[in-house]
Amino acid sequence: MNRYQQELEKRKETKLLRKLPIASDQIDFYSNDYLGFARSNELFANISKAHAHIEPKLSGSTGSRLLSGNSTYAESVEKSIAAFHGMASALIFSSGYNANVGLLSALGKKGITFISDELIHASMIDGIRLSIADKLKFKHNNLEDLEKKLTKVQGEKIVLVESIYSMDGDIAPLKDILELCRHHQAELIVDEAHAIGVFGETGEGMCSSLGIQNDVLASVVTFGKAMGIHGAAVLGEKWLKDYLINFSRSFIYSTAPPNHQLASIKCAYEYNEKSAASRAELQANIAHFIGQINGSSKQNWLKSESQIQSLIIPGNDQVIAAAKNLRESGFNILPIRSPSVPIGGERLRISLHSYNTTEEIDQLFSIINKWDQNN
Ligand SMILES: Cc1ncc(COP(=O)(O)O)c(C=O)c1O
């Protein structure tokens, strides 16, 4: 057995071996398709139609944007993304992972310190790792600790946060964070992966809806969650786009998104603008879900006002058993184990959607309550 196989064995023994499950059609409390865009026949048809009309007809983009892969269509999609968010520019990346890695590795120069919330996403962590900047964490959503770290660091600093946290579902106090950043001459970067589509009157995300989109150094919007498709964009000033085109390695050394992806992004944004009803349905489901939490006793729910809700069930075996129990009743819910979360913070991560019904939510609570009584 080689060292890699030994590592796999160890994962098997500790019940941490990852496997690829086939998506099932059980009741969906696990996907990121918060507004049902991914399953929308209308959006699917719009994308096919838009794709068929793009000239020249190309299945692939044929190269990096800096070589043969750029087009007036790509540039027009970026212009419309920037306009929608009220930002000067947008640069499309093939995924949110690549956007965060490409953004932070490019900006993280010598003499700069990244000060990041301890719960930022792995893609931001990897971007920091690829940079040569210094790094420091602050306690999750803790303004006091952030201020302490901002005071401690001399020189240029960039604070990194998510607007809605992907695991805990809580919301960053962006205005307060921005004020602290201003006071300490720090820049701010916000990952809006779980906010776009969901927050703001037209799903523009937290930065635009709070009116601070032009006060942050950059924000990252991703299209694989509420937008129902795939890809991402970095939003910011024009110089930032120029800088990334010149220095962001995951942008430069990668084949450009093909027309189908660009058409998907364009159509998803158009569809999003017409989706106020889905956003309202999702908000109603969030309110109903929180009402159920408030009505249930002694359970260890994390406080969240978003579509991501988490029930702490300490122990990998225990959380896996709880998810299995729900699956057997027809509910798809992800058990999040350590080390993805700290030991003791193992949880059921429940994603709410516009298309979940109140009956499904009530049934879910009844199963969880029964489980809780028996375990
Ligand atoms: C907060 C956050 N940022 C970035 C990403 C990466 O985005 P993508 O899935 O488009 O690569 C994710 C996806 O899991 C995420 O949750």
Side-chain angles (χ1 to χ4, degrees), residues 18 20-21 23 30-35 37-38 77 81 85 90-107 114 116-130 137 140-141 159-172 174 177 188-199 203 205-207 216 218-236 244 248-251 254-258 260-262 264-265 268-269 272 302 304 306-310 334 336-337 340-341 347 349-353:
R18 289 178 164 132
L20 295 175
Y30 81 141
S31 83
N32 294 322
D33 188 20
Y34 302 127
L35 298 171
F37 285 16
V77 174
I81 295 172
H85 294 281
L91 184 67
I92 293 174
F93 281 74
S94 55
S95 72
Y97 183 90
N98 281 336
N100 275 332
V101 163
L103 173 67
L104 300 187
S105 60
L107 292 181
F114 283 129
S116 59
D117 187 289
E118 63 184 346
L119 293 191
I120 52 164
H121 189 257
S123 52
M124 285 184 125
I125 294 173
D126 290 359
I128 297 171
R129 283 183 183 156
L130 275 175
K137 286 184 199 167
H140 177 52
N141 270 349
V159 172
L160 308 175
V161 299
E162 291 176 31
S163 46
I164 310 292
Y165 279 87
S166 61
M167 282 296 155
D168 286 24
D170 52 352
I171 300 173
L174 285 180
I177 290 173
L188 177 62
I189 293 179
V190 184
D191 180 336
E192 295 251 55
H194 296 274
I196 179 174
V198 177
F199 285 88
M206 299 287 287
C207 290
V216 298
S219 67
V220 176
V221 286
T222 73
F223 309 139
K225 302 181 196 300
M227 299 299 271
I229 48 153
H230 187 250
V234 174
L235 312 175
L244 294 176
S248 173
R249 295 171 69 85
S250 66
F251 176 84
S254 187
T255 299
H260 191 274
Q261 187 175 12
L262 298 172
S264 303
I265 297 169
Y269 266 84
N272 171 64
L302 292 185
S304 157
S306 79
Q307 72 279 17
I308 301 164
Q309 298 284 335
S310 291
L334 290 182
I336 310 290
R337 303 169 296 180
S340 294
V341 287
R347 67 199 57 185
R349 179 184 183 275
I350 295 161
S351 291
L352 299 172
H353 309 93

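Whatever order the structure lists ligands and atoms in, that order sets their numbers, starting from 1. Values reported hereafter were calculated over all heavy atoms of this structure, with side chains retained and with hydrogens, waters and symmetry mates removed.
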Enquirer: Quick check on the 6.0 Å ring-centre criterion: do Y165 and H140 meet it?
Expert: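 Yes.
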Enquirer: With a 4.0 Å cut-off on heavy atoms, is M124 in contact with ligand 1?
Expert: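 Flag not set, M124 not near ligand 1.
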Enquirer: Would you compute the distance between atom CD1 of I189 and atom CD of E192 and round it to the nearest 0.5 angstrom?
Expert: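 Going from the CD1 atom of I189 to the CD atom of E192 covers 12.5 Å.
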Enquirer: Which atoms of ligand 1 sit under 4.0 Å from any heavy atom of G96?
Expert: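 Taking each heavy atom of G96 in turn, ligand 1 has 6 (C), 7 (O), 8 (P), 10 (O), 11 (O) under 4.0 Å.
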Enquirer: To the nearest 0.5 angstrom, please state how far the CD1 atom of I196 sits from the CE atom of M227.
Expert: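 So the gap between those two atoms works out to 4.5 Å.
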Enquirer: Going by heavy atoms, is S123 under 4.0 Å from ligand 1?
Expert: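 Checking ligand 1 against S123, which is what was asked, there is a heavy-atom contact under 4.0 Å.
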Enquirer: Using a 4.0 Å heavy-atom threshold (strictly under), name the region of H194 that reaches ligand 1: side chain, backbone, both or neither.
Expert: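 The side chain, only.
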Enquirer: Find the distance between CG (N141) and CG (D170) and round it off to the nearest 0.5 Å.
Expert: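 One gets 5.0 Å once the value is rounded to the nearest 0.5 Å.
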Enquirer: Any idea which protein heavy atom is nearest atom 13 (C) of ligand 1, and the distance to it?
Expert: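 The closest one turns out to be K225 NZ, 2.6 Å.
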Enquirer: Under 4.0 Å from any heavy atom of Y97, which atoms of ligand 1 are there?
Expert: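 So the answer, numbered in order with elements, is 6 (C), 7 (O), 8 (P), 11 (O).
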Enquirer: Under 3.5 Å, is there a donor-acceptor pair linking the side chains of D126 and N100?
Expert: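 Note: D126 and N100 side chains miss the donor-acceptor criterion.
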Enquirer: Could you list which atoms of ligand 1 come closer than 4.0 Å to a heavy atom of E162?
Expert: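 Selected atoms, number and element: 1 (C).
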Enquirer: Look at atom 3 (N) of ligand 1 and say which protein heavy atom is nearest, naming residue and atom and giving the distance to 0.1 Å.
Expert: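 I find the closest protein heavy atom is D191 OD2, 2.6 Å.
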Enquirer: Identify, by atom number and element, the atoms of ligand 1 in contact range of A193, meaning under 4.0 Å from any of its heavy atoms.
Expert: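 Answer, ordered by atom number: 1 (C), 2 (C), 3 (N), 15 (C).
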Enquirer: Is the shortest distance from a heavy atom of H230 to ligand 1 less than 4.0 Å?
Expert: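 Per 4.0 Å heavy-atom rule, H230 does not contact ligand 1.
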Enquirer: Where do L174 and S163 land on the side-chain contact (heavy atoms from CB on, under 4.5 Å) test, with the steps shown first?
Expert: CA-CA 7 Å; L174 285 180; S163 46; 3.9 Å; yes
Enquirer: Do the side chains of K225 and D33 get close enough for a salt bridge, i.e. N-O under 4.0 angstrom?
Expert: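 Salt bridge flag = no for D33 with K225.
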Enquirer: What is the closest protein heavy atom to atom 5 (C) of ligand 1, and at what distance does it sit?
Expert: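 Ranking protein heavy atoms by distance from atom 5 (C) of ligand 1, first comes H121 CE1, 3.4 Å.
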Enquirer: Using a strict 4.0 Å cut-off to heavy atoms of N100, name the atoms of ligand 1 that fall inside it.
Expert: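 Near N100, meaning under 4.0 Å from one of its heavy atoms, ligand 1 has 3 (N), 4 (C).
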Enquirer: Strictly under 6.0 Å, is that where the ring centroids of Y269 and H85 end up?
Expert: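 Judged by ring-centre distance (under 6.0 Å), Y269 and H85 do meet the cut-off.
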